[in-house]
Novice: 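Encoded as structure tokens, here's the structure I'll be asking about.
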Amino acid sequence: MPDNDDNKKRRPLKNIPPEGFPIKMLLFWAIGISALVALFMLNPGKTPQPAVLGIQQVVDLAQQGKIANGTIRSDVTGGPYWSEVTGEITEPTLQNSAGAATKAFTMHGRVTDSSLELLQRSKAFVEKPATTATTQLLYNVLPFVVVIGLLYFLFVRQLKNAGKGALSFGKSRAKMLTRDKDRITFSDVAGCDEAKEEVSEVVDFLKDPKKFQKIGGRIPKGILMVGPPGTGKTLLAKAIAGEADVPFFSISGSDFVEMFVGVGASRVRDMFEQGRKNAPCLIFIDEIDAVGRQRGAGLGGGNDEREQTLNSLLVEMDGFDTQEGVIIIAATNRPDVLDSALLRPGRFDRQVSIDLPDIIGREQILRVHARKITLSDNVDLGVIARGTPGLSGAELANLLNESALLAARRNKKRVEMADVDEARDKLLWGLSRRRVMDDAEKRLVAWHEAGHAILQAVLDDGTLPVHKVTIIPRGQSLGSTTYLPTKDILTRPRKKLLNEVAMAMGGRIAEELVTGDFSNGAYGDIKQATRIARAMVCDYGMSDLGPIAMGENQDTVFLGRDITRSQHISEDTARKVDMAVSDILNSQYKRAQGIISEHRSALDKIAAALLEHETLEGRHVLEILKHGEIQSPIVAMKPPKLPPADAAKPADKTSSETSTGPTGTPSPSPA
């Protein structure tokens with residue numbers, strides 16, 4: 001950063017204590033602690049005082065053998081032969097000057113050579129070197145020096161460091177990414193062509209701002225990227241900076257919020273100051289909803305520090321001009337909780353929606369991530385894209401990575417289609433568990449899944465063909481019937497929705513038809529069918545009640561705004577809604593019963609094939625329905641032998657699963 005006069009004026013001087021340095025307080029503490037140390041060392045009441053004896057008494061007691069732990073210390077400060085004799089007497093008990101009983105004694109005075117010889121001969125005394133004046137002074141002064149040094153370290157050094165920290169505590173924590181390291185461009189981003197087209201003008205402005213300024217054009221001050229997690233919002237922001245070849249500052253919304261008052265606002269101001277000094281540049285704020293939530297919302301009032309940080313962000317965005325070349329890009333997956341002042345034109349002028357990729361986008365994303373993976377020739381990325389509806393870019397990257405890990409564990413040199421298919425099932429529904437069912441349960445699951453497969457094949461109009469039927473348990477599911485969409489399903493007519501309700505009933509009907517009873521395995525199927533039927537009545541207007549929306553979207557609820565939301569339908573209308581939902585479920589149940597009864601022979605053959613092979617492809621189901629037997633060979637799909645582990649709960653992310661096994665686990669709703 002270049003120096004200028006303003007920076008030199010603001011730069012703090014070194015080795016100068018902070019303003020208001022408490023010298024008097026430091027001296028007060030030093031004197032107080034020193035007094036306590038001296039009182040502890042010199043207090044005569046701490047230890048009993050010894051009795052004072054003469055040298056002749058000491059010699060007599062030594063000759064009688066009544067002295068123990070005796071010491072003789074010569075002291076030159078008192079002149080020649082001046083010594084200090086100390087020790088303890090075993091009996092009788094002596095009395096000190098205060099009249100208290102004691103065994104210890106001491107003698108200060110001159111000791112002749114003859115007396116010293118008698119004391120040494122008794123072997124009860126030990127001679128110690130003389131205490132010099134320097135040693136005695138050191139013993140008396142050293143504690144005070146240690147105390148003062150400790151106070152200096154604790155108070156002076158800490159106060160100086162606190163002064164330095166106070167100058168940098170409010171600095172922005174934005175990290176500047178270098179242009180050469182890990183540079184990302186639009187070629188590294190796939191599946192969001194519309195979003196790339198919308199932000200391409202930002203790249204043009206950063207490269208050549210005069211082109212826009214000549215005709216009076218003003219680039220948006222801020223761009224808000226909205227979309228589910230994992231769709232590439234952060235990656236797209238980095239690609240903008242990489243294409244424009246400008247500095248890129250990245251910071252999270254949580255970095256502004258601190259427990260100290262005013263720190264967040266100070267960091268906001270410093271962040272914009274850094275941006276101006278490095279213009280043209282991009283400032284990316286990830287998860288801006290951490291600091292940009294609606295003010296004053298929530299139970300018990302708002303967060304004052306966070307609101308002050310938001311106020312500072314609003315003022316800074318309203319105060320700087322885009323002609324300076326600083327563009328703010330923010331990302332969030334909760335735009336419904338953001339403050340309205342943050343979204344108005346002049347701050348975040350434009351919202352770029354980055355949704356989950358469609359079938360073409362998923363294939364493009366897979367091709368980008370497949371660059372670093374060695375794929376076999378039989379891997380069809382288009383088929384993988386068809387079988388992964390609802391997955392984000394991050395999840396697709398994880399899918400290919402899991403496929404590579406699985407192939408490596410199988411000692412393969414390339415990733416094959418079987419590895420990708422196994423990794424997909426693992427990510428969506430969990431690891432396979434082959435030892436959780438006995439023969440009776442396997443037969444029940446086989447009939448259950450055969451019922452789903454027949455309805456899926458009979459009612460399909462060519463858009464949702466059966467992909468695979470399996471009775472291999474995964475996660476909490478004991479079996480599954482999946483379909484492979486030929487295209488992304490954007491609209492669902494009433495006929496298709498009714499077919500999906502009937503398909504969900506197939507497992508329960510097959511169990512009842514064969515065994516005369518049914519299990520709790522249809523719990524997820526019934527829940528899925530009820531959800532579709534209620535959406536048809538309350539949201540889509542596909543019932544006799546007419547085109548009336550009687551339900552409200554509760555997917556994203558902000559407590560501060562939605563806590564007082566009330567129901568806008570009467571009890572009579574709610575009763576009619578329940579009756580309409582029940583009519584749809586019962587009518588489709590009877591319809592599915594007729595179809596399965598008509599194909600009872602195919603039901604038995606599909607169930608028998610599942611018991612033998614555990615997994616059937618969709619073409620095998622169609623062959624049984626048309627020809628009465630399987631004509632194409634069945635390739636056994638043998639999953640790797642993995643260590644036992646608790647499988648994860650099936651993810652509710654794809655509409656390609658039409659049923660679950662009899663475990664009570666709900667299936668994802670295709671509605």
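Side-chain atoms are counted along with the backbone in the values below, which use heavy atoms only and exclude waters and symmetry mates. Positions are given from 1, in the same order as the sequence printed here.
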Novice: For a 4.5 angstrom cut-off between non-hydrogen side-chain atoms, does Lys238 reach Phe248?
Specialist: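 Yes - at least one pair of side-chain heavy atoms lies under 4.5 Å apart.
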Novice: Test His369 against Asn401 for side chain to side chain donor-acceptor pair (under 3.5 Å), laying out the working first.
Specialist: CA-CA 9 Å; His369 293 292; Asn401 182 64; over 6 Å; no
Novice: Could you tell me which non-hydrogen atom of Met417 sits nearest to which non-hydrogen atom of Val379, and how far apart they are?
Specialist: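 For Met417 versus Val379, the nearest heavy atoms are N-CG2, 3.6 Å.
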Novice: Hydrogens and angles aside, do Thr482 and Ser480 bring a side-chain donor and acceptor to less than 3.5 Å of each other?
Specialist: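 Note: Thr482 and Ser480 side chains miss the donor-acceptor criterion.
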Novice: Under 4.5 Å between any side-chain heavy atoms of Thr332 and Val337, yes or no?
Specialist: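 Result no, sub-4.5 Å side-chain heavy-atom pair not found.
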Novice: Got a sec, which residues hit side-chain hydrogen bond (donor to acceptor under 3.5 Å, both in side chains) with Ser403, two or more places apart in sequence or on another chain?
Specialist: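 Once residues adjacent in sequence are excluded, Ser403 has no partner under the side-chain hydrogen bond (donor to acceptor under 3.5 Å, both in side chains) criterion.
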Novice: If I compare all heavy atoms of Pro228 with all of Leu356, which pair ends up nearest, and what's the gap?
Specialist: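 Smallest heavy-atom distance, with atoms named: CG-CG, 4.2 Å.
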Novice: If you measure from CD1 on Ile606 to NE2 on His452, what distance do you get to the nearest 0.5 Å?
Specialist: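 Ile606 atom CD1 to His452 atom NE2 measures 12.5 Å (nearest 0.5 Å).
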Novice: Look at atom CD1 of Ile360 and say whether more than 12 heavy atoms of other residues, nucleotides or ligands are closer to it than 6.0 Å.
Specialist: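 Atom CD1 in Ile360 is not crowded, with 12 or fewer foreign heavy atoms closer than 6.0 Å.
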Novice: Mind checking what makes side chain to side chain contact (heavy atoms under 4.5 Å, CB included) contact with Ala602, not counting sequence neighbours?
Specialist: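 Expected list: Ile454, His599, Ile624, Leu625.
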Novice: If we only count heavy atoms from C-beta on, is the Pro389 to Ile359 side-chain gap below 4.5 Å?
Specialist: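 With C-beta onward as the side chain, the pair stays apart.
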Novice: Check this for me: does any side-chain nitrogen of one of Lys496 and Glu500 sit under 4.0 Å from a carboxylate oxygen of the other?
Specialist: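 The answer is no: the pair does not qualify as a salt bridge.
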Novice: For Lys412, which residues count as a salt bridge (Lys or Arg N to Asp or Glu O under 4.0 Å) partner, sequence neighbours excluded?
Specialist: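 Glu416, Asp419.
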Novice: Does the pair Leu342 and Leu313 meet the rule for a side-chain contact (heavy atoms from CB on, under 4.5 Å), with working shown?
Specialist: CA-CA 9 Å; Leu342 194 64; Leu313 179 62; 4.1 Å; yes
Novice: Identify, with sequence neighbours excluded, every residue that meets side-chain hydrogen bond (donor to acceptor under 3.5 Å, both in side chains) alongside Ser376.
Specialist: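 Applying side-chain hydrogen bond (donor to acceptor under 3.5 Å, both in side chains) to Ser376 gives Asn378.
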Novice: Could you report the tightest heavy-atom contact between Phe186 and Lys196, atom names first, then the distance?
Specialist: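 Closest heavy-atom pair between Phe186 and Lys196: O-NZ, 3.4 Å.
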Novice: For residues Val466 and Leu616, determine if any side-chain heavy atom of one lies less than 4.5 Å from a side-chain heavy atom of the other.
Specialist: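 No, too far: nothing below the 4.5 Å cut-off.
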Novice: Among residues at least two apart in sequence or on other chains, which ones pass side chain to side chain contact (heavy atoms under 4.5 Å, CB included) with Ala446?
Specialist: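 For Ala446, the residues satisfying side chain to side chain contact (heavy atoms under 4.5 Å, CB included) (neighbours in sequence not counted) are Ile471, Ala607, Leu610, Leu611.
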Novice: Return the CG to CG distance between Leu428 and Leu399, rounded to the nearest 0.5 Å.
Specialist: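 Rounded to the nearest 0.5 Å, the CG-CG separation comes to 8.0 Å.
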Novice: List the residues meeting side-chain hydrogen bond (donor to acceptor under 3.5 Å, both in side chains) with Thr231, not counting sequence neighbours, and say none if there are none.
Specialist: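 Scan of Thr231 (side-chain hydrogen bond (donor to acceptor under 3.5 Å, both in side chains), adjacent residues dropped) gives none.
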Novice: Are Val458 and Asp460 close enough, and set up right, to give a side-chain contact (heavy atoms from CB on, under 4.5 Å), and what steps lead you there?
Specialist: CA-CA 6 Å; Val458 172; Asp460 176 43; over 6 Å; no
Novice: Determine the minimum heavy-atom distance between Ala529 and Met505, stating which atoms define it.
Specialist: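 For Ala529 versus Met505, the nearest heavy atoms are CB-CE, 3.8 Å.
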Novice: Sequence neighbours excluded, which residues qualify as side-chain hydrogen bond (donor to acceptor under 3.5 Å, both in side chains) partners of Glu243?
Specialist: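 Glu243 satisfies side-chain hydrogen bond (donor to acceptor under 3.5 Å, both in side chains) with no residue once adjacent residues are dropped.
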Novice: Just by modelled atom types, is the Leu464 backbone N or O under 3.5 Å from a matching donor or acceptor in the Gln456 side chain?
Specialist: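 Confirmed, Gln456 side chain pairs with Leu464 backbone.
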Novice: Roughly how far apart are Asn499 CG and Asp461 CG, rounded to 0.5 Å?
Specialist: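 One finds 7.5 Å between CG of Asn499 and CG of Asp461.
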Novice: Less than 4.5 Å apart, any side-chain heavy atom of Tyr540 and any of Ile532?
Specialist: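 In short, these two side chains do not touch, never coming nearer than 4.5 Å.
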Novice: Compare every heavy atom of Glu198 with every heavy atom of Gln351, then report the nearest pair and how far apart it is.
Specialist: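 Heavy-atom minimum between the residues: O-OE2, 3.9 Å.
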Novice: Are the charged groups of Asp421 and Lys468 less than 4.0 angstrom apart, N to O?
Specialist: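 Yes, Asp421 and Lys468 are salt-bridged.
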Novice: Take Glu395 and Arg362 through the salt bridge (Lys or Arg N to Asp or Glu O under 4.0 Å) test and state the conclusion after the steps.
Specialist: CA-CA 10 Å; Glu395 292 168 327; Arg362 292 194 297 272; over 6 Å; no
Novice: Going by side chain to side chain contact (heavy atoms under 4.5 Å, CB included), name the residues that satisfy it together with Ala190, two or more places apart in sequence or in a different chain.
Specialist: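 Only Gln364, Ile365, Val368 meet the side chain to side chain contact (heavy atoms under 4.5 Å, CB included) criterion with Ala190.
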Novice: Do Ile223 and Phe348 have side chains that get closer than 4.5 Å, going by heavy atoms?
Specialist: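 No, every pair of side-chain atoms sits at 4.5 Å or beyond.
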Novice: Only counting residues at least two apart or in another chain, list the ones meeting side chain to side chain contact (heavy atoms under 4.5 Å, CB included) with Ile373.
Specialist: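 With sequence neighbours excluded, Ile373 shows a side chain to side chain contact (heavy atoms under 4.5 Å, CB included) to Leu375, Leu400, Ala404, Val415, given in chain and number order.
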Novice: Do the side chains of Val268 and Leu310 get nearer than 4.5 Å, heavy atoms only?
Specialist: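 Heavy-atom side-chain distance check fails, nothing below 4.5 Å.
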Novice: Apply side-chain contact (heavy atoms from CB on, under 4.5 Å) to the pair Ile354 and Leu236, showing each step before the final yes or no.
Specialist: CA-CA 10 Å; Ile354 305 178; Leu236 182 58; 3.7 Å; yes
Novice: If you measure from CD1 on Ile472 to CD on Glu614, what distance do you get to the nearest 0.5 Å?
Specialist: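 With rounding to 0.5 Å, CD1 (Ile472) is 4.5 Å from CD (Glu614).
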Novice: Does the side chain of Ile384 reach to within under 4.5 Å of the side chain of Arg424, using non-hydrogen atoms?
Specialist: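 With C-beta onward as the side chain, the pair stays apart.
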Novice: Going by salt bridge (Lys or Arg N to Asp or Glu O under 4.0 Å), name the residues that satisfy it together with Glu402, two or more places apart in sequence or in a different chain.
Specialist: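 Residues passing salt bridge (Lys or Arg N to Asp or Glu O under 4.0 Å) with Glu402: Lys426.
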Novice: So how far is it from Arg293 CZ to Arg334 CZ, rounded to the nearest 0.5 Å?
Specialist: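 Those atoms lie 6.0 Å apart.
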Novice: Going from CG on Leu497 to CD1 on Ile584, what distance comes out if it is rounded to the nearest 0.5 angstrom?
Specialist: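 Rounded to the nearest 0.5 Å, the CG-CD1 separation comes out at 9.0 Å.
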Novice: Quick one: salt bridge (Lys or Arg N to Asp or Glu O under 4.0 Å) partners of Asp188, sequence neighbours excluded?
Specialist: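 Salt bridge (Lys or Arg N to Asp or Glu O under 4.0 Å) check on Asp188 returns Arg371.
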Novice: Could you report the tightest heavy-atom contact between Arg492 and Met542, atom names first, then the distance?
Specialist: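 For Arg492 and Met542, the tightest heavy-atom pair comes out as O-CE, 3.9 Å.
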Novice: Quick check against the 3.5 Å criterion: does Asp358 have a side-chain atom that pairs as donor or acceptor with the backbone of Gly361?
Specialist: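 Checking the backbone N and O of Gly361 against the side chain of Asp358, a donor-acceptor pair under 3.5 Å is found.
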Novice: Would you check, one step at a time, whether the test side-chain contact (heavy atoms from CB on, under 4.5 Å) holds for Phe249 with Met271?
Specialist: CA-CA 9 Å; Phe249 291 91; Met271 179 186 69; 5.9 Å; no
Novice: For Asp349, give me all partners under salt bridge (Lys or Arg N to Asp or Glu O under 4.0 Å), at least two apart in sequence or on another chain.
Specialist: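 Arg218.
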